[in-house]
Amino acid sequence: QQQVKQSPQSLIVQKGGISIINCAYENTAFDYFPWYQQFPGKGPALLIAIRPDVSEKKEGRFTISFNKSAKQFSLHIMDSQPGDSATYFCAARTNDMRFGAGTRLTVKP
Amino acid sequence: DAGITQSPRYKITETGRQVTLMCHQTWSHSYMFWYRQDLGHGLRLIYYSAAADITDKGEVPDGYVVSRSKTENFPLTLESATRSQTSVYFCASSPGTGAGPQHFGDGTRLSIL
């Protein structure tokens, strides 16, 4: 059973739009929440991460929003570009990392 | 070039055969991980290693064996392959567990017929 539930499975956004991917978890022992980006034929790459004592973290066009009381966190990609088209995974860590099932993002030009 | 190298990139084998997937990293990271990636499941941890000669089970260890005699190498062996082990396997490394797996290899696509 998935400890980290990710939605949507796939997402299509127009160039310049905002992409939003959501994740929810149950285990309150999770203490680190990263997002990974994966291009076809490549391994995942760490994109951005947040700890639960912070409600938001921004790095360039990528922002994580974290809601501890709701046990939810989300990735926002501002001004989405075709080069952002990839699969995105959220994850959460206690003793080991648990991954969401992934979201395939397509940004149309 | 620094990085993680996995070999082979593609492998086809038959049920019951032994197969070993190789992983080599050049950063001298202490932690190394093996994940399998299946549609609808994301990545699931098979085994990890905190240092040479120290390994531990992850979420889905059954049917797999690992060893780590040198810091830079972390091979994964399927002792008697089954069709359910058909998957894409990723090796990863990290200087410590605080940030989880930071660098991934490009994966080995394994098909078991």
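Just so we're on the same page: letters track the sequence lines, and every chain starts at 1.
The shortest non-hydrogen separation linking B/Y35 to A/M97 is OH-CB, 3.7 Å. Considering every non-hydrogen atom in both B/G40 and A/A101, the closest pair reads O-CB, 3.5 Å. Nearest approach of B/G42 to A/F89, heavy atoms of both residues: CA-CE2, 3.7 Å.
The number of heavy-atom neighbours closer than 6.0 Å to CG of B/L113, taken from other residues, nucleotides and ligands shown, is above 12. Atom CZ of B/R9 has more than 12 heavy atoms from other residues, nucleotides or ligands within 6.0 Å. A 6.0 Å sphere centred on CD1 of B/I54 holds more than 12 heavy atoms belonging to other residues, nucleotides or ligands. Crowding of B/Q18 atom CD: a count of heavy atoms from other residues, nucleotides or ligands under 6.0 Å exceeding 12. Under a cut-off of 6.0 angstrom, the local environment of CD in A/E56 is crowded, with over 12 non-hydrogen atoms contributed by other residues, nucleotides or ligands.
Counting only heavy atoms from C-beta outward, the side chains of B/F104 and A/Q38 never approach each other to under 4.5 Å.
Both the backbone and the side chain of B/L43 come within less than 4.5 Å of a heavy atom in chain A. There is no contact between B/R109 and chain A, counting heavy-atom distances below 4.5 Å. Heavy-atom distances place no part of B/Q6 under 4.5 Å from chain A, backbone and side chain included.
A/I48 and A/V4 fall within the same hydrophobic cluster, defined by Ile, Leu, Val, Met, Phe, Trp and Tyr side-chain heavy atoms under 4.5 Å apart, directly or through other members.
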